S.K.: 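Okay, handing you the structure first.
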There are 2 protein chains.
Amino acid sequence: MGVEEKSQAMSPQTPSKERLRLWLRMLRVTRQVEAELREKLRVQFDSTLPRFDVLAALYRHAEGLKMNELSRQLMVSNGNVTGIVSRLVEDGYIDRIAIEGDRRATRVCLTELGRAAFAEMAEAHEVWVNELLDGVTEEDAHHMGELLHRLPAEPGAAR
Amino acid sequence: MGVEEKSQAMSPQTPSKERLRLWLRMLRVTRQVEAELREKLRVQFDSTLPRFDVLAALYRHAEGLKMNELSRQLMVSNGNVTGIVSRLVEDGYIDRIAIEGDRRATRVCLTELGRAAFAEMAEAHEVWVNELLDGVTEEDAHHMGELLHRLPAEPGAAR
DNA sequence: GCTTAAAATTTTAAGCTTGAAGTATTCAAC
DNA sequence: GTTGAATACTTCAAGCTTAAAATTTTAAGC
């Protein structure tokens, strides 16, 4: 492996304004969509995006998740999860359940109330997203999804 | 204009899982890239993304911006801008300048220190983004940028 | 069994973010 | 010129977010 051969091998491509422009555009679109979703969640369900995210993760895991796993799935700090979960517990949407054989960890699980509340929100959420991304055809959506699939390039490498 | 004619007219397309999947993927990539950029800004420049954003907006407008305009450009609340600007003023990166003939408004402007500091950060920032989006060819970046250009569909319509 | 390191979580301080309420200031209409 | 709405901004309370420190519990080596 003496010399670079193909495009894959010499990872850092020509630095381009094109990728910077793409990033700024993704950032703008993401922020705008998030702002609209937040507003709708607030007005129609008196809720927030972080709460929605936590409920969504737990909805996909009926057996519940450890705080640890929740934090990793949502890509937020563990201290952050503690706060959001605490408020959701207060509201009766989720339960903290002791884990047998390890008193350090806690499993968090949707209550019936939480499950029902999320199901309703999720339905509306899917419609909202489709409206907001209306300008993208199903085909383009698929194509972009594929391109985004393995981004960003392995974090931690190539510094 | 009695009846819908082409695809543009009948805006709500078939609701698809494909657009929802695209949204979730954009969200994931955006969060991950933002996390890496935040970390680098923190470690290498002892700064944050919101501060970088404010400096960037002011860098593009040598004549300065009103708090109002800053808030609109960054798509954040005006109360938010007040806080970030206050801290940047304390650090000597920007100045508040009175506006002649309107004592309600303030113009905010980079100091020499701020301009120099941002120039340095911006250079590193461009490299970081290129590394993080290394998996996207320049051509794909251009294509995706075009698709994102007019998203989301006019906010406020089609509810 | 003791000691030490590792793991899971919470707490803390600081900053970011919002929506709403509050404070000046300007503008428009009379 | 006074009143009243509109504009520009700040303040406020609540929640989100992080990194770092602290707490509790488990696991490993001796």
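Since the model is a prediction, treat every value here as computed from it, not as a measurement.
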S.K.: Taking OP1 and OP2 of D:dC16, is either one under 4.0 Å from a side-chain nitrogen or oxygen of A:Arg87?
M.R.: yes

S.K.: Return the 5'-most residue of the pair A:Gly83, A:Gly101 with respect to DNA chain D, ranking by each residue's nearest nucleotide.
M.R.: A:Gly83

S.K.: Over all heavy atoms of both residues, which pair between B:Asp91 and B:Arg51 is shortest? Give the atoms and the distance, please.
M.R.: OD2-NH2, 2.6 Å

S.K.: Nearest whole Å is fine: how far is D:dG15 P from A:Asp46 CG?
M.R.: 10 Å

S.K.: Does a side-chain N or O from A:Arg103 land closer than 4.0 Å to OP1 or OP2 of D:dT26, or not?
M.R.: yes

S.K.: Where the side chain of B:Asn68 is concerned, which of C:dG19, D:dT10, D:dA8 is the nearest nucleotide?
M.R.: D:dA8

S.K.: Under 4.0 Å from OP1 or OP2 of D:dA20: is there any side-chain N or O of B:Arg42 that close?
M.R.: yes

S.K.: What is the distance from CZ of A:Arg96 to C1' of C:dT9, rounded to the nearest Å?
M.R.: 9 Å

S.K.: Can you tell me how far P of C:dA24 sits from CE of B:Met67, to the nearest Å?
M.R.: 18 Å

S.K.: Quick check on DNA chain C: between B:Thr48 and A:Glu39, whose nearest nucleotide comes earlier from the 5' end?
M.R.: B:Thr48

S.K.: Using a cut-off of 6.0 Å, state whether more than 12 heavy atoms not belonging to B:Gln44 lie near its atom CD.
M.R.: yes

S.K.: Which pair of heavy atoms, one from B:Arg38 and one from B:Leu49, lies closest together, and at what distance?
M.R.: CB-CD1, 4.0 Å

S.K.: By the 4.0 Å heavy-atom rule, please label B:Leu49 as base, sugar-phosphate, or nothing.
M.R.: nothing

S.K.: Rounding to 10 degrees, work out the angle separating the end axes of the helix from C:dG1-D:dC30 to C:dC30-D:dG1 (five pairs an end).
M.R.: 0°

S.K.: What's the CD-P distance between A:Glu34 and D:dT17, to the nearest Å?
M.R.: 9 Å

S.K.: Looking only at heavy atoms, which two atoms of B:Leu133 and A:Arg19 are closest? And how far apart?
M.R.: O-CD, 3.0 Å

S.K.: I need the NZ-C1' distance between B:Lys66 and C:dT25, as an integer number of Å.
M.R.: 13 Å

S.K.: Specify the closest pair of heavy atoms between B:Leu74 and B:Val54, including all atoms of both residues, with the distance to one decimal.
M.R.: CD1-CG2, 3.6 Å

S.K.: Using the side chain to side chain donor-acceptor pair (under 3.5 Å) rule, take A:Gln73 and A:His61 through it: C-alpha gap first, then chi angles, then the decisive distance, then the call.
M.R.: CA-CA 11 Å; A:Gln73 289 224 3; A:His61 298 268; 3.2 Å; yes

S.K.: Just compare C:dT18, C:dT25, D:dT18 and give me whichever is closest to any side-chain atom of A:Arg38.
M.R.: C:dT18

S.K.: Nearest-Å distance, CD (A:Glu100) to C1' (D:dT26)?
M.R.: 16 Å

S.K.: Could you tell me which non-hydrogen atom of B:Asn78 sits nearest to which non-hydrogen atom of B:Ser71, and how far apart they are?
M.R.: N-OG, 3.6 Å

S.K.: Can you tell which of D:dA6, D:dT18, C:dA6 lies closest to the side chain of A:Arg104?
M.R.: C:dA6

S.K.: Does a side-chain N or O of B:Thr106 approach OP1 or OP2 of D:dA8 to a distance below 4.0 Å, or not?
M.R.: no

S.K.: Output the rounded distance in Å from CD (A:Glu69) to P (C:dT9).
M.R.: 8 Å

S.K.: How close or far is atom C1' of C:dT9 from atom CG of A:Asn78, stated in whole angstroms?
M.R.: 7 Å

S.K.: Under 4.0 Å: is that the gap between some side-chain N or O of A:Asn80 and OP1 or OP2 of D:dT18?
M.R.: yes

S.K.: Quick one: closest heavy-atom pair of B:Thr30 and A:Trp23, and the distance?
M.R.: O-CH2, 3.7 Å

